[in-house]
Amino acid sequence: HVIPRLNGSKWQSFVVSDFLCGWNSAISEDNQGNIWFGGVCGAGRFNESGWTKFSAGSELLSSEVRGIARDGQGRMWFSHTDGLSIYDGSIWTHIPETSFLPYAHHLIPESLFADSQGRIWVGLYNMPEATSNFAAGMYDGQTWTFFGPENTGGTLGKAIEFHESSKGEIWILEGQD
């Protein structure tokens with residue numbers, strides 16, 4: 001696999017097939033200017049010194065990274081099929097899906113977004129056997145709140161992307177399963 005970068009007017013290609021196999025689904029930047037990539041085989045961090053691979057085990061909760069976001073404290077969040085991983089620059093913390101998701105094993109964390117208030121937003125995929133209709137979760141630093149048709153006026157389906165406007169409004173792009 002190749003990841004292209006436009007630097008001014010010059011394109012550069014980086015071969016990453018040795019550690020970012022399959023599809024890649026996430027990209028973000030940390031406070032030090034490192035660029036993070038996530039995909040089916042874990043995460044990779046790029047800086048001018050080269051690439052560093054992160055995989056399941058002591059670093060990531062599981063190898064399949066679906067989303068990456070940097071929060072207001074500079075921590076990097078990673079969503080996986082099994083929950084979330086948080087990296088503060090030196091220590092990895094894992095939040096298994098069973099410890100924060102209602103109906104765990106039926107909801108999969110996908111996209112991630114950090115808003116200007118320091119909240120983390122998670123887009124959720126409902127497995128076919130799911131008994132909930134939750135489409136998104138929001139963590140305010142202490143508690144999780146989940147959103148779906150039941151508490152959004154019947155309008156929120158699958159949340160695949162988030163955006164915060166200059167007015168502080170959270171916009172959610174919906175997708176289909």
Side-chain angles (χ1 to χ4, degrees), residues 3 16 19-31 34-46 52-89 91-130 132-148 156-164 170-177:
I3 295 178
V16 294
F19 67 89
L20 287 180
C21 64
W23 52 263
N24 297 300
S25 61
I27 183 171
S28 189
E29 183 176 2
D30 67 21
N31 285 344
N34 299 309
I35 305 297
W36 290 80
F37 297 87
V40 71
C41 291
R45 180 181 65 199
F46 175 79
T52 304
K53 179 182 179 177
F54 300 90
S55 55
S58 62
E59 299 155 341
L60 298 170
L61 186 61
S62 76
S63 288
E64 190 176 322
V65 175
R66 293 174 171 255
I68 304 174
R70 179 185 69 212
D71 70 15
Q73 299 175 39
R75 298 176 300 180
M76 299 302 293
W77 290 66
F78 302 82
S79 60
H80 313 276
T81 53
D82 297 330
L84 303 169
S85 294
I86 306 166
Y87 183 59
D88 70 2
I91 297 172
W92 288 90
T93 304
H94 306 296
I95 305 173
E97 64 176 339
T98 54
S99 68
F100 80 99
L101 283 176
Y103 312 104
H105 304 296
H106 297 286
L107 294 171
I108 296 175
E110 289 194 327
S111 58
L112 283 172
F113 176 73
D115 70 19
S116 64
Q117 295 181 38
R119 300 177 300 190
I120 295 293
W121 293 81
V122 181
L124 301 170
Y125 171 73
N126 283 274
M127 299 291 288
E129 64 274 13
S132 79
N133 287 319
F134 292 126
M138 184 268 299
Y139 181 64
D140 66 7
Q142 295 182 355
T143 58
W144 284 94
T145 303
F146 294 92
F147 303 96
L156 184 59
K158 181 182 175 189
I160 61 169
E161 191 68 41
F162 300 88
H163 175 77
E164 183 174 7
I170 303 299
W171 290 79
I172 301 175
L173 182 63
E174 295 183 288
Q176 296 185 353
D177 295 330

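Atom set for the values below is all heavy atoms of this structure, side chains included, hydrogens, waters and symmetry mates excluded. All of these numbers come straight from a predicted model, not from anything done at the bench.
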Engineer: May I have the step-by-step check of ring-ring contact (aromatic ring centres under 6.0 Å, His included) for Phe147 and Trp121, ending in yes or no?
Structural biologist: CA-CA 10 Å; Phe147 303 96; Trp121 293 81; 5.7 Å; yes
Engineer: In Å, rounded to the nearest 0.5 Å, how long is the span from CG of Leu124 to OG of Ser111?
Structural biologist: 8.0 Å
Engineer: Can you name the nearest heavy-atom pair linking Ser62 to Thr81, along with the distance?
Structural biologist: OG-OG1, 3.8 Å
Engineer: How far does CZ of Arg119 sit from CG of Asp71, to the nearest 0.5 angstrom?
Structural biologist: 13.5 Å
Engineer: Passes side-chain contact (heavy atoms from CB on, under 4.5 Å), Arg45 versus Asp30? Steps please.
Structural biologist: CA-CA 9 Å; Arg45 180 181 65 199; Asp30 67 21; 4.2 Å; yes
Engineer: Do any N or O atoms from the side chain of Ser85 and from the backbone of Leu61 form a donor-acceptor pair under 3.5 angstrom?
Structural biologist: yes
Engineer: Do Arg75 and Thr93 have side chains that approach each other closer than 4.5 Å (heavy atoms only, starting at C-beta)?
Structural biologist: no
Engineer: Given 3.5 Å as the limit, does a donor-acceptor pair link the side chain of Arg70 with the main chain of Ala114, or not?
Structural biologist: no
Engineer: Who are the ring pair (Phe, Tyr, Trp, His ring centres under 6.0 Å) partners of Tyr87, not counting sequence neighbours?
Structural biologist: Trp36, Trp92
Engineer: Could you grab the distance from atom CD of Glu161 to atom CD of Glu110, nearest 0.5 Å is fine?
Structural biologist: 11.5 Å
Engineer: Identify the heavy atoms of Gly137 and Phe146 that sit nearest to each other, and give their distance.
Structural biologist: CA-CD2, 3.7 Å
Engineer: Taking it one step at a time, do Ser116 and Glu164 satisfy side-chain hydrogen bond (donor to acceptor under 3.5 Å, both in side chains)?
Structural biologist: CA-CA 8 Å; Ser116 64; Glu164 183 174 7; 2.6 Å; yes
Engineer: Measure from the side-chain N and O atoms of Ser79 to the backbone N and O of Gly67, and report whether any donor-acceptor pair falls under 3.5 Å.
Structural biologist: yes
Engineer: What pair of heavy atoms forms the shortest contact from Leu60 to Phe54, and how long is it?
Structural biologist: CD1-O, 3.3 Å
Engineer: Taking all heavy atoms of Leu112 and all of Trp77, pick out the closest pair and write down the distance.
Structural biologist: CD1-O, 3.4 Å
Engineer: For Tyr139, enumerate each residue passing the ring pair (Phe, Tyr, Trp, His ring centres under 6.0 Å) test, keeping only those at least two apart in sequence or located in another chain.
Structural biologist: Trp144
Engineer: Taking all non-hydrogen atoms of both residues into account, name the closest pair between Ala43 and Phe78 and its distance.
Structural biologist: CB-CE2, 4.0 Å
Engineer: Rounded to the nearest 0.5 Å, what separation is found between the CD1 atom of Ile3 and the CD1 atom of Ile27?
Structural biologist: 7.0 Å
Engineer: Distance from Asp140 atom CG to Ile120 atom CD1, nearest 0.5 Å?
Structural biologist: 11.0 Å
Engineer: Which atom pair, heavy atoms only, marks the closest approach of Glu59 to Lys53?
Structural biologist: OE1-O, 4.1 Å
Engineer: With rounding to the nearest 0.5 angstrom, report the CD1 to NE2 distance, Ile95 to His80.
Structural biologist: 10.0 Å
